[in-house]
Number of protein chains: 2
Amino acid sequence: MNESATNETSRTRAPRGQVTDIYRALRDRICLLRYPPGMLLGEHELAEEFTVSRTPVRQALQRLEYDGLTETRNGVGTMVTGVDPNAFRDIYAFRLRLSEMMGEFPAEEEVPRALSTILALQDRLEVLKGQRDMEAFWQLNHELHHATNRLIANLALRETHERYYFQASRIWYSVIEAFFEEQLADLASELNEIAGALRAGDIRAVGYIQRNHIAFGLHRVASAHMAD
Amino acid sequence: MNESATNETSRTRAPRGQVTDIYRALRDRICLLRYPPGMLLGEHELAEEFTVSRTPVRQALQRLEYDGLTETRNGVGTMVTGVDPNAFRDIYAFRLRLSEMMGEFPAEEEVPRALSTILALQDRLEVLKGQRDMEAFWQLNHELHHATNRLIANLALRETHERYYFQASRIWYSVIEAFFEEQLADLASELNEIAGALRAGDIRAVGYIQRNHIAFGLHRVASAHMAD
DNA sequence: CACACCATAGCTGCATACAGGTTGGCAAAT
DNA sequence: ATTTGCCAACCTGTATGCAGCTATGGTGTG
């Protein structure tokens with residue numbers, strides 16, 4: 001099991017060292033829902049897995065807590081945070097606005113790379129249609145995010161865009177299973193639209209496409225919660 | 001010397017413990033420029049000052065590094081980061097957009113408290129006009145920021161607004177002295193305008209006022225850098 | 001006198017021991 | 001049988017020792 005294959009996230013201010021590796025591994029596990037909300041993590045246990053002492057593990061966990069992905073309580077452990085409905089609405093509303101903003105800071109030179117990434121993702125999505133592989137689906141979403149993130153020329157916006165993507169990604173937990181086919185179709189058309197926009201070199205359009213699909217997802221989650 | 005008087009910053013996800021105290025104290029010192037860019041901090045030294053071991057100090061320093069306020073190099077120490085002109089432009093452009101966004105998430109119930117805070121700040125600014133007390137000026141700016149920050153009803157936007165405020169505040173380092181009177185006058189009119197907007201209950205206006213004054217500051221910094 | 005090399009002091013990164021806190025279960029009393 | 005109080009196991013928070021790295025100053029040589 002090669003955990004170090006954290007596919008080189010868009011390093012904004014490239015930090016280095018094994019702490020960052022652990023951080024990324026845990027963050028991906030949380031966002032890929034292999035560590036579902038409410039799960040309790042032990043420092044000693046993780047230290048054993050990564051073959052280090054508790055110290056670097058603690059550092060990684062503290063960064064996760066700072067990101068709002070976990071919550072550490074003395075004498076208990078570190079828990080993957082759940083989904084606070086209020087925070088959830090805030091994050092989504094904010095992400096809508098961030099996506100709309102993307103077009104204001106276009107990184108033109110990244111368009112070719114992004115396009116080729118998107119095309120590759122389309123192929124992989126085709127393969128996915130037969131199965132019901134959640135994790136692969138998540139991975140695909142992640143890579144789409146990274147591809148579009150690189151189209152942002154503004155460092156601050158890019159950081160924020162990424163930050164809240166990770167926070168938002170866990171929210172699908174409750175709806176992912178119920179709406180799997182719909183989301184698959186949605187992602188397919190999103191990829192299509194983005195490919196078209198990139199061929200036209202229109203980064204602003206990419207932002208709006210992303211915004212709309214975030215809104216669709218928001219609607220889906222909202223209706224799922226109505227059903228409660 | 002009572003360092004624990006870190007005037008209770010707008011706790012978004014209230015973390016507690018002495019690590020956070022140390023973090024806030026150091027962050028304020030950096031943003032108040034008592035620790036100027038390039039300054040080297042030693043863990044042992046800080047540990048002595050706060051009467052703790054290196055461990056909590058290290059945690060605070062790591063959070064500062066994560067915020068982009070410091071940079072830690074092995075074998076050397078932790079250095080207060082300088083001002084990268086590119087990052088500087090990005091942060092300012094982003095902050096402009098964030099301020100414009102404020103009006104979309106108004107926290108109406110906070111208006112009275114904000115107004116009374118602003119009025120108090122006006123009085124304190126009057127006192128300041130005679131002297132040339134940089135630190136008091138900074139403190140005033142900080143409190144203005146906190147007052148307006150509370151007017152944002154969206155947690156994600158509020159966090160981001162705060163995050164980049166702290167990053168941006170250090171940038172004035174190079175211009176603060178040259179433009180002190182101008183900035184004093186600017187702050188006075190900003191307070192006036194905000195007071196007016198708050199009396200009208202118009203939070204959107206507060207955002208636009210803030211946006212404009214950020215833009216003024218940006219122009220000032222830019223022209224100062226032209227002079228190089 | 002200039003330059004290169006090396007030793008050394010000081011710093012951060014990591015590991016580990018200890019202290020403080022929380023939880024769950026067991027036992028005893030009602 | 002139920003409830004209550006206590007204790008023990010486990011977990012995080014903190015302190016400290018050690019290893020690795022960096023910079024600097026002094027020394028030896030050209």
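Naming: A, B, ... by sequence-line order, numbering from 1 per chain. Because the structure is a prediction, the values reported are computed rather than measured.
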| If only side-chain N and O atoms of B/Gln59 are considered, is one of them under 4.0 Å from the OP1 or OP2 phosphate oxygen of D/dG13? | no
| remark: B/Glu43 atom CD is separated from D/dA15 atom P, nearest whole Å, by 13 Å
| task | Report the distance from atom NE2 of A/His44 to atom P of D/dC11, rounded to the nearest whole Å. | result | 8 Å
| task | Using atom CE of A/Met79 as one end and atom C1' of C/dT23 as the other, report the distance to the nearest whole Å. | result | 14 Å
| request: Measure the distance from CD on B/Gln62 to P on D/dG13 and round it to the nearest whole Å. | output: 14 Å
| request: Describe the nucleic acid contact of A/Leu41 in one word from base, sugar-phosphate, nothing, applying a heavy-atom distance below 4.0 Å. | output: sugar-phosphate
| field | All pairs passing salt bridge (Lys or Arg N to Asp or Glu O under 4.0 Å) where residues 88-100 of chain A contributes a residue, at least two apart | value | A/Arg97-A/Glu100, A/Arg97-B/Glu104, A/Glu100-A/Arg211
| request: Output yes when at least one side-chain N/O atom of A/Arg58 is less than 4.0 Å from OP1 or OP2 of D/dT12, else no. | output: no
| With B/Gln131 via side chain to side chain donor-acceptor pair (under 3.5 Å) - residues at least two apart | none
| request: For the side chain of B/Thr55, starting at C-beta, report the closest nucleotide among C/dA15, C/dT23, D/dT16. | output: D/dT16
| said: Among C/dT23, D/dT12, C/dA15, which nucleotide has an atom closest to any side-chain atom of A/Val76? | reply: C/dT23
| Hey, is the side chain of A/Arg54 poking within less than 4.0 Å of OP1 or OP2 on C/dA15, counting only N and O atoms? | no
| said: With nearest nucleotide decided by heavy atoms, which residue, A/Thr51 or A/Gly75, maps closer to the 5′ end of DNA chain C? | reply: A/Thr51
